[in-house]
Amino acid sequence: DQALQVAEGIKWAWERARALRAIVEGMAKAVVQNEALWQQALKMAERIEWTEERAKALVTIAKGIAEVGMVGQAKEVFGEALQVAEGIGDKGKQAKALGVIAEGMAEVGMTEQAKEIFGRALQVAEEIEDKREQGWTLRAIAKTMAKVGMTEQAKEIFERALQMEEEIGWRYLSVDELFGESMEAKS
């Protein structure tokens with residue numbers, strides 16, 4: 001309760017969101033099942049001004065709630081995070097936020113929902129007009145998919161990003177380099 005109050009007083013939205021995510025992760029590890037504390041964390045997340053940071057905070061809360069066994073509430077919070085992400089005007093940020101939500105869902109066993117949200121993230125990424133940003137966003141989604149074990153789909157998306165980047169004369173990593181990084185992150 002005190003930690004949440006201290007975090008609430010942090011001036012900068014991104015720092016407040018970061019503090020909230022750390023507190024919520026601690027609450028999940030301690031298996032806090034006090035609904036009032038989770039509601040307090042949720043209300044704090046809802047007041048974060050930056051939509052992408054708000055979406056990330058909501059995902060962290062949803063994962064934490066699921067980890068302590070409150071799965072029904074977790075689904076509701078994931079739904080709220082989706083609404084926030086859908087409201088992000090920048091397509092690159094929106095696609096990445098959807099990827100974060102899908103990753104969170106996959107991590108708590110909501111595999112089918114995660115696949116659906118990854119699909120939505122890819123649709124949004126395809127709407128990005130700047131090909132460099134589109135390639136970067138597709139790459140970020142592919143990396144996230146690889147982290148949650150969706151390696152075949154991730155390879156296909158990464159190959160698309162590589163082809164796009166070759167067309168515009170820009171390249172960052174090869175498939176092997178990407179999956180080497182993702183597999184290291186997973187271990």
Side-chain angles (χ1 to χ4, degrees), residues 1-30 32-68 70-110 113-128 130 133-134 136-145 147-148 185:
D1 186 38
Q2 278 184 313
L4 287 170
Q5 288 175 3
V6 169
E8 185 76 55
I10 297 172
K11 181 180 178 179
W12 305 107
W14 65 275
E15 281 290 337
R16 196 167 50 252
R18 196 170 116 194
L20 175 60
R21 288 193 309 267
I23 293 165
V24 166
E25 288 169 359
M27 288 169 59
K29 284 181 184 167
V32 173
Q33 292 184 322
N34 181 331
E35 278 195 57
L37 281 179
W38 287 107
Q39 284 301 318
Q40 187 179 349
L42 188 57
K43 286 188 186 331
M44 184 178 161
E46 290 167 348
R47 288 190 298 271
I48 294 171
E49 299 88 349
W50 291 2
T51 51
E52 52 271 28
E53 290 298 327
R54 186 178 332 131
K56 287 180 194 174
L58 289 168
V59 168
T60 304
I61 292 168
K63 285 173 36 180
I65 290 172
E67 288 170 12
V68 299
M70 301 187 309
V71 179
Q73 295 95 321
K75 288 180 181 179
E76 289 177 26
V77 178
F78 275 122
E80 191 173 335
L82 279 170
Q83 287 179 333
V84 170
E86 292 290 347
I88 297 172
D90 179 288
K91 294 295 182 187
K93 290 178 181 178
Q94 182 184 36
K96 289 173 190 165
L98 289 167
V100 168
I101 294 166
E103 177 183 16
M105 290 175 154
E107 288 175 353
V108 298
M110 297 172 63
Q113 296 93 326
K115 288 178 184 176
E116 184 180 318
I117 302 307
F118 273 125
R120 177 69 185 124
L122 292 169
Q123 287 174 343
V124 172
E126 295 293 340
E127 296 171 15
I128 298 170
D130 179 298
E133 183 182 352
Q134 187 181 52
W136 185 256
T137 302
L138 287 170
R139 180 188 308 279
I141 294 167
K143 194 170 185 175
T144 303
M145 292 174 91
K147 274 179 31 181
V148 297

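Looking at K91 and E133, no side-chain N of the basic residue comes within less than 4.0 Å of a carboxylate O on the acidic one, giving no salt bridge.
Of the residues listed (I141, V59, I117), the one engaging V100 in a side-chain contact (heavy atoms from CB on, under 4.5 Å) is V59, and it is the only one.
Put simply, NZ on K93 and CD1 on I128 are 11.5 Å apart, with the number rounded to the nearest 0.5 Å. The CG atom of D130 lies 9.0 Å from the OG1 atom of T137; values are rounded to the nearest 0.5 Å.
Across all their heavy atoms, V77 and L58 have their closest contact at CG1-O, 3.2 Å. Closest non-hydrogen pair, E103 versus F118, comes out as N-CZ, 4.0 Å. Shown here for W38 and I65, the closest heavy-atom pair between the two residues is CE3-CG1, 3.6 Å. When all heavy atoms are compared, the tightest approach of V71 to A66 is CG2-O, 4.4 Å. Residues E127 and R120 approach most closely at OE2-NH1, 4.3 Å, considering heavy atoms. Annotation for A85 and I101: closest pair CB-CD1, 3.7 Å, computed over non-hydrogen atoms.
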Between I61 and E80, is the side-chain contact (heavy atoms from CB on, under 4.5 Å) condition met? List the steps. CA-CA 11 Å; I61 292 168; E80 191 173 335; over 6 Å; no
Carefully, step by step, assess M70 and E35 under the rule side-chain contact (heavy atoms from CB on, under 4.5 Å). CA-CA 9 Å; M70 301 187 309; E35 278 195 57; 3.8 Å; yes
Determine whether F78 and K75 satisfy the following criterion, side-chain contact (heavy atoms from CB on, under 4.5 Å), listing intermediate values before the conclusion. CA-CA 5 Å; F78 275 122; K75 288 180 181 179; 5.6 Å; no
For residues 41-48, run the donor-acceptor check on the side chains, cut-off 3.5 Å, and write out each pair with its distance to 0.1 Å, sequence neighbours left out.
from	atom 1	to	atom 2	distance (Å)
R47	NE	E8	OE2	3.3
R47	NH1	K43	O	3.4
R47	NH2	E8	OE1	2.5
R47	NH2	E8	OE2	3.3

